Each structure stands twice: as structure tokens, then as C-alpha cells.
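The structure appears right after this line, and notes come after that.
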2 protein chains.
Amino acid sequence: MEKHADTLRNHGIKPSLTRMLILSYLTEEGSHPTVEEIYKALIGTIPTLSKTTVYNTLHLFTQKKLARAVMLKDQETRYDLAAHPHAHFQCLECNTVYDTSAFPQLSAPEEFLKHTVEDVSILFTGLCQSCREKSSHIEQ
Amino acid sequence: MEKHADTLRNHGIKPSLTRMLILSYLTEEGSHPTVEEIYKALIGTIPTLSKTTVYNTLHLFTQKKLARAVMLKDQETRYDLAAHPHAHFQCLECNTVYDTSAFPQLSAPEEFLKHTVEDVSILFTGLCQSCREKSSHIEQ
DNA sequence: TTATAGTATTGTAATCAATTCAATTTTAAA
DNA sequence: TTTAAAATTGAATTGATTACAATACTATAA
Ligand SMILES: [Mn+2]
Ligand SMILES: [Mn+2]
Ligand SMILES: [Zn+2]
Ligand SMILES: [Zn+2]
């Protein structure tokens, strides 16, 4: 838990209990959680927790480059820690999101060199292995 | 106009006037328009146009691979023709979206080979040239 | 300790893009 | 023309997000 307090301080965020628990959830529990998921996961531990606080905290984390909003084919915003940049694959059938361990090698387009590129998001979409096997089992 | 009718037919879409005008707008007018923008642009020409029809049409175009929903840091979904796949750069200051002429060379992550990848989205974000020049002019 | 100011958290109301759905209109085939 | 299917409409609703004012908490100075 002190580890999370340090992480917060390192990003210029004062470590409150709520903030530590949200960081803890992002670090150890669910992957790419929504505000709703985080709220439901923590309301047992922090009975006074407000959904607005979860929104506020994630905005703060994002601003301080501790977390980032993942770009996915979803209506609800999903969040990820910013520490290890990586690409995503999202299955359009079951909506599962898979991570890459490393960031894919990407040659920057010359046309964008005149701009100041701060970040890159890469999302692969398609049918995941599990869904493909299921559907090939159904269609004889 | 007959060109757009052909394009629609080639994608298995029956060419109605509304659909041709929406395709025309995507092709010739604004870049990465929202539903709202398309609606406002066409309501003069089709006074009975419903926003629901614009939503329906864009969903149909997307399903038939004629258009695609562009993934951007925006609350409103923006649309693009699917014909020429390309990456985007979005300025976080002025929100302008720039296109690449070609799709950046991207080595597919091995971890995703077991899935069936159907599409890839690439978004660069940062500060565009114009905004950078403006801000460097202000700060002496 | 107490007062005070700044920060964090809360809860309600409002916003707004997107969807639902039943009614209506249009189109094309019989 | 009749009829069925497809396309379009518009009102109501959903649901994520934001705005905002009230309350609670924290830290520091008197
Ligand atoms: Mn991830
Ligand atoms: Mn584009
Ligand atoms: Zn799947
Ligand atoms: Zn800009």
C-alpha cells in the first residue's frame, strides 16, 4: 500500500485512501476497468464512495500521466495504467480486450513530423481465438 | 451522383437519395464529420431528414464496410470513408484531425496472431504545428 | 488546542450522444 | 392496384459523463 502512496507522490498526487485504492485496483485487479466497475469493486471497502470521486480521480490520474483512457470500441471509457505502453486487441464478438507485452514497432509517418507527437494509440480488432473456435464448432 | 449510386450498390446498399447525399458529404465535403454535422449540412436539401436516419445510415455504411467510425479523443463519433485506410493525428489543443496519405508500416504483434485481426486503428496525439507556433509566439 | 484555509469527497441535477421503437412513408414486386 | 418489404421519421428513453454546490477532511498557524 505504501508502494501506491509513493507512486501517487511521484506523479504529484497527494495520496488519499480513495486514490490509493483506485490505483491498487488498476494495478492488481481488473483489466481496463470502467468507472462503474471500479465503483462497484470499491463501494464495499469505502461505503461513502461517490461515483463522481471515481471520475475525478481517473481524470486526475490521466492528467498526471499515471493512467490513460484506452481507446476502444466501447461506449464506456476504460482505463489503464500508463506505465507500460502497449497496444490492444479487442474482440468484436465478446468484447474482450487483450494486451501486447510490448509496443509494436511503428514507423512514424513523415507527414506528422512537423507536429509534436506525444502519444500513439494502436487498436487491433477482429475475432479472438476463443470466439473463432466457438463459432467453428457451431457451424458444422 | 450516379458514381455514388454505384458505390452503394457495390457495397450491397440500395441507393436512396438520403444515402447518396450522405455518401456525397463523406466523399466531398467535411472531413471526419459527426452525425450532427451531417444532419445540419443536409437538412436544407432534405427538409424531412431525421437524425435517426443519419444514425441508421452510418451504421449501415459501417456494417457494409463503406465507412468506419474513427477512433478519436472525442465524445461524438466521427466517420470516415473506409476506402483508403490511414492513420490519424489529433491535436489535443485545437482538436483538428490530420490524415496520413498511407497507412504506417506496422509489424503485427506475435501475441495477436492466434486471433483473427480484421482491422487496425492508429491514432497519434499531441500538439499540431499550428498550435505549437501560436504558443511559442505567446510565451516570449 | 482551536481557528482557518485549502483540498477532497459527496450527491443531485443537468447534459447530451446514442438508441429504442412504433408509426408513417416510400419503393418495388405481384 | 394490392400488398409486402424496406426506409424514414420523431418522440421517448437510456446511460455515461459533467456541473456544481454542499459537506467532510487535512494540515498548518495562532
Ligand atoms: Mn491494456
Ligand atoms: Mn481520416
Ligand atoms: Zn471473443
Ligand atoms: Zn492544434
Side-chain angles (χ1 to χ4, degrees), chain A residues 4-5 8-9 11-25 30 32-64 66-80 95 97, chain B residues 4-5 8-9 11-25 30 32-64 66-80 95 97:
Chain A
H4 295 135
L8 289 170
R9 273 186 287 261
H11 286 82
I13 301 167
K14 195 190 292 184
S16 70
L17 177 63
T18 302
R19 289 166 177 179
M20 285 195 285
L21 287 174
I22 290 178
L23 174 56
S24 165
Y25 188 83
H32 316 105
T34 62
V35 163
E36 183 73 21
E37 282 167 2
I38 295 172
Y39 175 77
K40 281 186 179 160
L42 298 186
I43 189 67
T45 311
I46 317 170
T48 61
L49 182 64
S50 156
K51 211 176 280 183
T52 302
T53 301
V54 182
Y55 275 104
N56 289 343
T57 304
L58 289 169
H59 287 159
L60 180 66
F61 284 9
T62 302
Q63 196 189 346
K64 298 294 190 179
L66 172 55
R68 69 175 70 199
V70 188
M71 289 214 308
L72 296 170
K73 306 267 177 180
D74 266 313
Q75 54 302 343
E76 282 178 85
T77 306
R78 298 187 162 273
Y79 290 87
D80 222 351
N95 251 39
V97 177
Chain B
H4 295 134
L8 290 170
R9 274 187 286 261
H11 286 83
I13 301 167
K14 195 190 291 184
S16 71
L17 176 64
T18 303
R19 288 166 177 178
M20 285 194 286
L21 287 174
I22 291 178
L23 175 55
S24 165
Y25 188 83
H32 316 106
T34 63
V35 163
E36 184 73 22
E37 283 167 1
I38 295 172
Y39 175 77
K40 280 186 179 156
L42 299 187
I43 190 66
T45 311
I46 317 172
T48 62
L49 183 64
S50 158
K51 213 177 277 183
T52 302
T53 299
V54 182
Y55 275 105
N56 289 342
T57 303
L58 289 169
H59 287 160
L60 180 66
F61 284 10
T62 303
Q63 194 188 349
K64 298 294 190 178
L66 171 56
R68 69 174 70 201
V70 188
M71 290 215 305
L72 296 170
K73 307 266 176 180
D74 266 314
Q75 54 302 345
E76 283 178 85
T77 305
R78 298 188 163 272
Y79 290 87
D80 221 350
N95 250 37
V97 177

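Because the structure is predicted, anything quoted here is derived from the model rather than measured. Here is how names work: the chains are called A, B, and so on, in the same order as the sequence lines, proteins then strands, and each is numbered from 1.
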Just the rounded figure in Å: distance from [atom2] of [N] to [atom1] of [X].
X       : N      : atom1 : atom2 : result
B:Leu17 : C:dA28 : CG    : P     : 13 Å
B:Met20 : C:dT26 : CE    : P     : 16 Å
B:Leu49 : C:dT25 : CG    : P     : 17 Å
A:Arg78 : D:dA16 : CZ    : P     : 11 Å
B:Ile46 : C:dT25 : CD1   : C1'   : 15 Å
A:Ile13 : C:dA8  : CD1   : P     : 10 Å
A:Gln63 : C:dA8  : CD    : C1'   : 15 Å
B:Leu42 : D:dA7  : CG    : C1'   : 16 Å

Quick one: which of [options] gets closest to the side chain of [X]?
X       : options               : answer
A:Thr53 : D:dT8, C:dT9, C:dG11  : C:dT9
A:Lys14 : C:dT10, C:dT7, C:dA18 : C:dT7
A:Tyr55 : C:dT9, D:dA16, C:dC21 : D:dA16
A:Arg19 : C:dT12, D:dT17, C:dT9 : C:dT9

Answer whether the closest heavy-atom distance between the side chains of [X] and [Y] falls below 4.5 Å.
X       : Y       : result
A:Leu21 : A:Tyr25 : no
A:His32 : A:Asp74 : no
B:Ile38 : B:Leu58 : yes

Does [N] have OP1 or OP2 under 4.0 Å away from a side-chain N or O of [X]?
X       : N      : result
A:Thr48 : C:dT10 : yes
A:Thr18 : C:dT9  : yes
A:Ser16 : C:dT9  : yes
B:His59 : C:dA18 : no

Inset, instruction - Scan A:Thr34 against the nucleic acid and name what it touches under 4.0 Å (heavy atoms): base, sugar-phosphate only, or nothing. - result: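 Nothing: the residue A:Thr34, judged by heavy atoms under 4.0 Å, touches no strand.
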Inset, instruction - Rounded to the nearest 0.5 Å, what's the gap from NE2 on B:His4 to CZ on B:Arg19? Could you check? - result: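 Taking NE2 in B:His4 and CZ in B:Arg19, the distance rounds to 15.5 Å.
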Legend entry - Test item: B:Ser24 side-chain N/O and B:Met20 main-chain N/O as donor-acceptor pair under 3.5 Å: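 A pair under 3.5 Å: no.
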Inset, instruction - Using the closest heavy atom to pick a nucleotide of DNA chain D for each, name whichever of A:Glu36 or B:Asn56 lands nearer the 5' end. - result: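 The residue mapped nearer the 5' terminus is B:Asn56.
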Legend entry - 5′-ward residue of the pair A:Glu76/B:Lys51 relative to DNA chain D: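 First, find each residue's nearest nucleotide; the 5'-ward one identifies B:Lys51.
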